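Following: one structure in structure tokens, then a few remarks.
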Amino acid sequence: MSTPVDTTAHLAVLGAVPRFARPLHVGAPNIGDRERLLQRIGTILDTRRLSNFGPMVRQFEETVARYAGVNHCVAMCNGTVALEIGARALELSGEVIVPAFTFVATAHALAWQGIRPVFCDIDPRTHLIDPDRVEALITPRTTGILAVHLWGRVAPVERLRAIADRHGLKLMFDAAHAFGCSHKERPVGGFGDLEVFSFHATKFMNSAEGGAIVTNDPELARRARLMSNFGFTGLDRVEALGVNGKMSELAAAVGLNSFESMDAWLEVNRRNMDAWRRVLAPLPGIDLIPWNDGDMHNHQYVVCEVDASRAGLGRDELVAALRAENVLARRYFYPGCHRMEPYRSHPPQGGWRLPVTESVAARVMVLPTGTAVTERDIAEVGALLEDILDHADTVRAALAGRDPGQALEAQ
Ligand SMILES: *Cc1c(COP(=O)(O)O)cnc(C)c1O
């Protein structure tokens, strides 16, 4: 006997038409003023300055440095290369302690430089590297800590600084999520020895592709800039090993355009976050992670944890049901870097022990926001989620035939 289909539900997983004709993405790019961008591109073409530390890049660097409250900004072609050059500029080698609950670029940037990422577990409440677990991972080969301001929430900067100083380690932050965020009135940018931003299309502020190293250390900034341009100090003079990490004038033009819309985008993200709060509050088992009211957030990620026992559905089932409706929720940063290659095949003795990372990675669901998502969209997703939870048993039965994880892989 087949399971009777609940026709009252009108859910795509039960065969109905998807609720959204147009997909709602996590990280749909924010687009600035078109006319202003075309003007800037016109200037670039008129002056024939396409790259090599041109005026757009200089202005972009000054703007980033001002917002981040730092003395030096070196713009780069993307955040990953900025992380790699940052690690080089700090002369990191051997082992570096890093969370596994992050985008894989954080770990890859180290491994690509021949540095072994040593994964540290996270705090279950903040999802940030747990400073209580860092010291146990320090060995004679450890040269630094690379922490992440995950979701735009500032990492435990004071505790990490104290640990780094006690053990003579360098301290670097992956601030890819945290442009425009602050902690105790201090903007992200000046923490640690250096910080790295990403201005990738999917980030809150974008230059299509782009990144930057920011620091208050003039010598570090000089080295990073040198490395980003093959080590050239003059026309025919190369003074160091380097790579090509430069940002182009076109990317800088897109970045400068983004800055002109930054306040408006922040306002949209705040309004969307309030809408998500209203919509999710009455739903059992879908809990937005709490934010510290004293700090500035860019709210580029709407992050919740799914408690299967209260929601009646697991995170993967919920994400699969939403994706069927064209609400493209994500399981960031599943399954954790330690379960990706090459790290999965090269665990330390005894294996990676990251129980909190594992449990958080199994619960987190990230919902769409940004300027491509309206309050009305969010209200509709709210109604949809209510329907899904109301018909949890039917939804689970419908998904039972397929492995929800596999259904997600396929998309
Ligand atoms: C996006 C991202 C990066 C990489 O930045 P790109 O500009 O895409 O190279 C690094 N770390 C984290 C945490 C990110 O989210």
Side-chain angles (χ1 to χ4, degrees), residues 25-30 57 60-61 64 73-88 92 96-113 115 117 119-120 122 126-129 144-155 172-181 188-189 191-192 194-214 224 228 243-248 250-252 254-255 258 297-303 330-338 340 343 357 360-361 364 366 369-370:
H25 290 275
V26 170
N30 292 323
V57 163
F60 181 75
E61 289 178 339
V64 170
C73 168
V74 186
M76 303 262 168
C77 54
N78 60 56
T80 306
V81 166
L83 285 169
E84 288 168 11
I85 291 179
R88 284 258 181 190
L92 297 183
V96 167
I97 296 166
V98 63
F101 195 59
T102 176
F103 183 57
V104 73
T106 317
H108 275 1
L110 296 171
W112 198 251
Q113 301 303 310
I115 301 163
F119 295 121
C120 182
I122 54 171
T126 63
H127 298 180
L128 300 169
I129 192 167
I145 301 168
L146 170 50
V148 182
H149 301 311
L150 200 82
W151 314 132
R153 193 202 293 273
V154 174
M172 174 171 163
F173 290 100
D174 178 340
H177 297 178
F179 193 82
C181 299
V188 166
F191 298 117
L194 64 79
E195 302 208 51
V196 168
F197 292 121
S198 165
F199 299 105
H200 183 256
T202 54
K203 304 300 202 281
F204 164 57
M205 292 292 287
N206 83 82
S207 61
E209 288 274 3
I213 291 179
V214 288
S228 79
V243 70
N244 184 358
K246 299 188 299 295
M247 176 181 270
S248 78
L250 287 159
V254 176
S258 293
H297 302 295
N298 59 33
H299 290 305
Q300 71 174 311
Y301 295 105
V302 175
V303 186
R330 297 289 304 263
R331 310 183 283 180
Y332 287 160
F333 284 97
Y334 180 84
C337 296
H338 63 302
M340 297 176 175
Y343 318 107
T357 299
V360 170
V364 161
V366 177
T369 187

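For ligands, and for the atoms within them, numbers begin at 1 and follow the listed sequence. Not measured: the values here are computed from a predicted model.
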Taking side chain to side chain donor-acceptor pair (under 3.5 Å) as the test, write out the residues that go with Thr369, two or more places apart.
-> Asn272

Atom pairs, nitrogen or oxygen, ligand 1 to protein, under 3.5 angstrom:
{"from": "ligand 1", "atom 1": "5 (O)", "to": "Ser198", "atom 2": "OG", "distance (Å)": "3.2"}
{"from": "ligand 1", "atom 1": "7 (O)", "to": "Gly79", "atom 2": "N", "distance (Å)": "2.8"}
{"from": "ligand 1", "atom 1": "7 (O)", "to": "Ser198", "atom 2": "OG", "distance (Å)": "2.7"}
{"from": "ligand 1", "atom 1": "9 (O)", "to": "Gly79", "atom 2": "N", "distance (Å)": "3.3"}
{"from": "ligand 1", "atom 1": "9 (O)", "to": "Thr80", "atom 2": "N", "distance (Å)": "2.9"}
{"from": "ligand 1", "atom 1": "9 (O)", "to": "Thr80", "atom 2": "OG1", "distance (Å)": "2.6"}
{"from": "ligand 1", "atom 1": "11 (N)", "to": "Asp174", "atom 2": "OD1", "distance (Å)": "3.4"}
{"from": "ligand 1", "atom 1": "11 (N)", "to": "Asp174", "atom 2": "OD2", "distance (Å)": "2.7"}
{"from": "ligand 1", "atom 1": "15 (O)", "to": "His177", "atom 2": "NE2", "distance (Å)": "2.7"}
{"from": "ligand 1", "atom 1": "15 (O)", "to": "Lys203", "atom 2": "NZ", "distance (Å)": "3.3"}

Look at the rings of His127 and Trp151 and say which category their plane angle falls in: under 30° parallel, 30 to 60° tilted, over 60° perpendicular.
-> perpendicular

Centroid-to-centroid, Phe204 to Phe179, below 6.0 Å?
-> no

Roughly how far, to the nearest 0.5 Å, is CG of Leu110 from CD of Glu84?
-> 9.0 Å

Flag the pair His108 / Tyr343 as yes when at least one side-chain heavy-atom distance between them is below 4.5 Å, and no otherwise.
-> yes

Check: Val26 main-chain N/O paired with Arg330 side-chain donor or acceptor under 3.5 Å | no

